[in-house]
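It should be emphasised that the depicted structure is a prediction, and the values quoted were computed from it without experimental measurement.
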Amino acid sequence: MFAVLMIGITFALVMGFTVQPLFSSREEGGDVSPTDRSALELRKQSILEQIKELELEHEMGTVSPADFQRNRIELKQEASNIMDQLDSMGTDPAGD
Amino acid sequence: MNKKFASVIIAVALLMMVWVGLGFEGNELPYITIQDLTAKEMNKPGKRFRLGGNVKEGSIARSDADPLALSFILFQEDQQLPVSYHKIVPDMFKDGSEVIVEGIFDGERFYADNLMTKCASRYEGDLRKADTSI
Amino acid sequence: MPTYGAALLSLSLGLCFLTVVLISLYVRMGDKRLFFVAERMCLSVCFLVALATIALLAGLLKSDFDIDYVAKYTSIGTPTIYKFSALWAGQSGSLLFWLFVLCGYVAVVLVQNRNRHKRLMPYVIMTLSVIQMFFLLMVNFVANPFAPVDTDFVVRDGLGLNPLLQNPTMAIHPPMLYLGYVGFSVPFAFAIAALFSRQLDAVWVRSIRRWTLFTWLTLGIGILLGGWWAYNELGWGGYWAWDPVENASLMPWLTGTAFIHSIIIQEKKNMLRVWNMILILVTFLLCIFGTFLTRSGIVSSVHSFTQSSLGPMFLSFVLLILVVSTYLLLSRLDDLKTEKRMESFVSRESGFLFNNVVFVSICFAVLWGTMFPVISEAVTGTQITVGAPFFNQITIPIGLLLLTLAGIGPLLAWRRTSKESLTRNFSIPVLAGLTTAALAMIGGMRSIYPVVTAGLTAFVTSTIAMEFWRGITVRRRKFDENILQALLKMISKNRSRYGGYIVHIGIVLMFVGFIGKAFDEDREWVMSVGDEVRIAGYGITLSALDEEERPNHYTWIATLDVTKEGEKVTSLHPEKRIYFHRNPNPDRRQPHSELSLHSTWREDVYSVFGGIDLESELLTIKIMVNRLVRFVWLGGYVLLFGTVIALWPDRRRGTEV
C-alpha cells in the first residue's frame, strides 16, 4: 500500500513538472531556419586564435620566417573574408 | 593534391592490413574439441592447440617428489584427455572446474604450458544449492 | 521498495518513449511548448532513474534478500563499501548503473545547453532518449534488478561478493569504464544531431570537445585501473593480457584518441568533416559492441560474465545504430564535403591525418584479432584463436610508429613546412634519439624493439622539452618573468596545447614501462622453510611459514627474505588464503593467493604463494622480477594531469563546454 502511494505521488509530481509549459502561451520555434552566423563567429574566433598561436610559434622559432609569412597572410585573408560575410549578414539579435 | 593524399593514405592503410594479416603466421592457435584433436589429422608434431573442458572429479594427481608436476583428466561430454602441467595452477583450479589449456599433443597426452580457469568474474551461484534457508 | 523501484523503471520507459514522440512532433510542427515539455520529460526520466538506483542501493545496504539481485551479490557479512559496489557487480545491476550514468550525463547536457544550440538540441535529446530507451527496455523486460527471489523458501543470507572483487580498485574500475563508455553517447548524439539538422560546421565539434576529452580520460583511467588491479591482485605478474574484454575497452579508446586529434583539424581548418563523423560513430558503436562482446560470450574470455539473452539485443542495437547513422551520413555527404585541400605531406594537417590512420589501424588489428575466432569458425568451422603473441607482434611496431608521429607532428607548421624549419626543429631531437639508442646498445640491450623504443622516447621527450623551453624563453624575454612564472603563464595561456604535450609525456613514460617487459624474468620453485633460491641477482630465502585465522578466511603466510649482494632488501609476505573456510560445503570454500611485491623504479620483485602441501610442508613459490613497471603507472598519473590541464575551464573565453 505504501509503495502504491509513493508511486502515485512520484507520478503526480513528475507529470505536474512536465506538462507545465503547455499552459504557457503558444510560442513559435523562432530561429529554426538555417543560419550560419554562429558558425561564422566560431570560425572567426578560431582564426584569430590561430594567428596568435602562429605569432607565438614564430617568436619561439618553431616556424621559419617564410612559413610564418605565408601562413599569416593566408589566415588574415580568411579572417577578413569572414568579417565581410558577417557584415553583409547584418546584426542578428537572436544569434545563439 | 587531395587525390595524391588519398592514394597515399589508402596505401598506408593497405600496408597495415597486410601487416596484420602476416601476423597470423605462426600465431594461430586452433580452439578445438578433444574429438577433433584425437581424430582429425590436423595434428603435426609441435603444433599448439587450445582446448576447453572440465577437470574430471578426483583425477588431479601431483607427484610426491615435485609438487609442481601435475596431471589431470580433462573431459568434454563423453571425451577424455589426460593432461600434464608443470606450473603453479590458478586458485580456482579444482575438481570439476572449467578450464582452458594450451599446449601440444603427442598422440596420448596433452602437455599444457598454459592453464586458465574460467574464473567467475562474477560470483554467480545458485541460491538453492547454497543452503541459506536454515 | 522493490515494487517502487520496478514501477519507477516502467514509468521512466513510458516517459522516455513520450519524449521521442514529442520531439518528433516538435520538429514537424515547430510549437516550442512541445520542446519544453519534452525537455522536462527527459529530465524527469533522469530523476526517476536516479530514484530507482537509490532504491536498489537501499535494498543492497539493508540486505533486502527478497530481491534476487541483493541475495546473489551480497551477504550479511559483506563489508558496507562492497554492498555499495555490488550495484555494478552483476548484470542487471550494472545495466541499471549504466543507465544511471547515462541519465547523469543527459541531465548535465540539458542544463548546460538550455538556451544554446537551438537547432541541435532537439535531435540531441532525441538521440539520447533512444539510447536511454534501449537500456530501459533491458532493465524492464530482460534483466530487471528488482526481480524477486525465485526460491520457495525465505532467504536468510545472500551469496556474497567474490573475494577477488573485494578490493578498492575493483570497486572503482567498472564505474570508471562506464563513465567512459557511456560518455561517448553525448558526442555521438551531437554528431547525429548535426547530421539531422545539416548544421555540419565546427559548432557541434566545438560543443563536445571537452565532453570528449573527459570521456576519453575516464575510459583511459578505467583501463589503467583494470591493469593495475590485475597486476596487484591477480598474481600472473602482468597488467595487460589482450583478453577480449580488455580489447573491447581498448578499441573505443583508440578511435576516441584519433577523434580528439582530428577534431582539432575541423575546428581550425574546417577539414576532415566526413572523417570526424565516421570516427565518432565508430567509437560509439565500439562502446556498445564492447558491451555486446563481454555480455554475449561469443568469444571465450577469462572474464566469464553471465551469458544471457542480452547478446542478441545488443547486437540488434548495434545494427540499428549502424544502419541509421550510415544512412544519415550518406544522405548528408554532399553537405559534409569541403573545398579545402591538403597542401603538403610535411604539414601539421598531414601529421594529424597519419596519426589517425595509424590509430584506426591499431584498432582494426585489435578488432580483427579479437573477432578472428568467430570469423574463422564461421568460415572454416574451426575456431582459431590468436593469443598475446599475435597482438604484441602486430601492435608493437605500429605503436612505435605512433610514438614517432607524436614527436614529429606538433613541430610541423600548418599547411607546409620549409626545410629550414625541419632542420631547426629536428636536429637536436634526432641526435638525442640516436644517442640514446646507441647508449642503450652499449648498455647491453640487444633486441631491436627496446633499442628503437628507447631512442624514440628520447626523441619525443626532447621535442616536447624544446617546445617548453622555447616558450619559456620567449616569455622571459618579453615579460621579464622568472622560469617558473613563465612556465605557469605559458601553460595557462594555452591549456589545450601544453596539456596535450604533457599527455604525450605520459604516453612516453608508459612506453618506457613497456620496454621493461622485454627484460622480465620469472621462475617457480618448490621450497621448504630455510631454502634459498636466486633470480636476477636477488637471493630469496623462505624464512618462515605462519598460519592465521581471520574473520572471513584462513591463511598461510610465507616470509621471504630478499637480499641483493648480501644486503637485505626487504621481506615479502605472500599468502595462500581460503575464503569461507568454515562453510560446511567444500565447494563453497574459495582459495585465493595474495601476492606480495616490492617495487622500485628499476624493477619490482613480485612473489606469489602458489600452493602448499600440508603433509610435507612443501610450498610452491613463484618469483618474478618485472622491470620498469612503475613507469607505466607514473605515465598514467602524468596523462591524468595533462588532460586535467587541457580540460580546465577557461574563464577568459565564455566557457564552451
Counting heavy-atom pairs under 4.5 Å to chain A, which of [options] comes out on top?
options	result
Gly471(C), Ser418(C), Ser44(C)	Ser418(C)
Leu51(C), Leu411(C), Asn270(C)	Asn270(C)
Ile472(C), Thr417(C), Thr473(C), Leu34(C)	Thr417(C)

Inter-residue atom distance [X].[atom1] - [Y].[atom2], 0.5 Å rounding:
X	Y	atom1	atom2	value
Arg475(C)	Leu56(A)	CZ	CG	8.5 Å
Met60(A)	Phe468(C)	CE	CZ	9.5 Å
Asn71(A)	Arg415(C)	CG	CZ	6.5 Å

Spell out, as yes or no, whether a donor-acceptor pair under 3.5 Å connects the side chain of [X] to the backbone of [Y].
X	Y	result
Asp67(A)	Ser421(C)	no
Arg424(C)	Gly61(A)	yes
Arg33(C)	Leu22(A)	yes
Glu267(C)	Ser46(A)	no

Determine whether [X] and [Y] make a side-chain contact, defined as any pair of heavy atoms from C-beta on separated by less than 4.5 Å.
X	Y	answer
Asp201(C)	Leu42(A)	no
Tyr4(C)	Thr10(A)	yes
Arg470(C)	Glu57(A)	no
Glu420(C)	Pro65(A)	yes

Counting only heavy atoms closer than 4.5 Å, note whether [X] contacts chain C via side chain, backbone, both or neither.
X	value
Gln50(A)	side chain
Leu5(A)	neither
Phe68(A)	neither

Which is it for Glu74(A) and Arg416(C) under the salt bridge (Lys or Arg N to Asp or Glu O under 4.0 Å) test, yes or no, and what are the steps along the way? CA-CA 12 Å; Glu74(A) 279 165 6; Arg416(C) 203 178 302 138; 5.6 Å; no
Please look at [X] and chain A and tell me whether the side chain, the backbone, both or neither of the residue comes under 4.5 angstrom of a heavy atom of that chain.
X	answer
Leu8(C)	side chain
Leu422(C)	neither
Lys269(C)	both
Glu39(C)	neither

Can you tell me if [X] has over 12 outside heavy atoms packed within less than 6.0 Å of its [atom1]?
X	atom1	value
Phe17(C)	CZ	no
Leu13(A)	CG	yes
Phe47(C)	CZ	no

Name the member of Arg70(A), Met15(A), Gln20(A), Glu78(A) that forms the most heavy-atom pairs with chain C at distances under 4.5 Å. Arg70(A)
Identify the two heavy atoms, one from Thr3(C) and one from Ala3(A), that lie closest to each other, and give their separation to 0.1 Å. OG1-CB, 3.8 Å
Shortest non-hydrogen contact between Phe17(A) and Arg40(C), atoms and distance: O-NH1, 2.9 Å
One pair to check against salt bridge (Lys or Arg N to Asp or Glu O under 4.0 Å): Arg477(C) and Glu59(A). What are the steps and the verdict? CA-CA 10 Å; Arg477(C) 201 169 56 220; Glu59(A) 285 172 60; 5.2 Å; no
Just to verify, which of Val45(C), Leu43(C), Leu15(C) counts as forming a side chain to side chain contact (heavy atoms under 4.5 Å, CB included) with Val14(A)? Leu15(C)
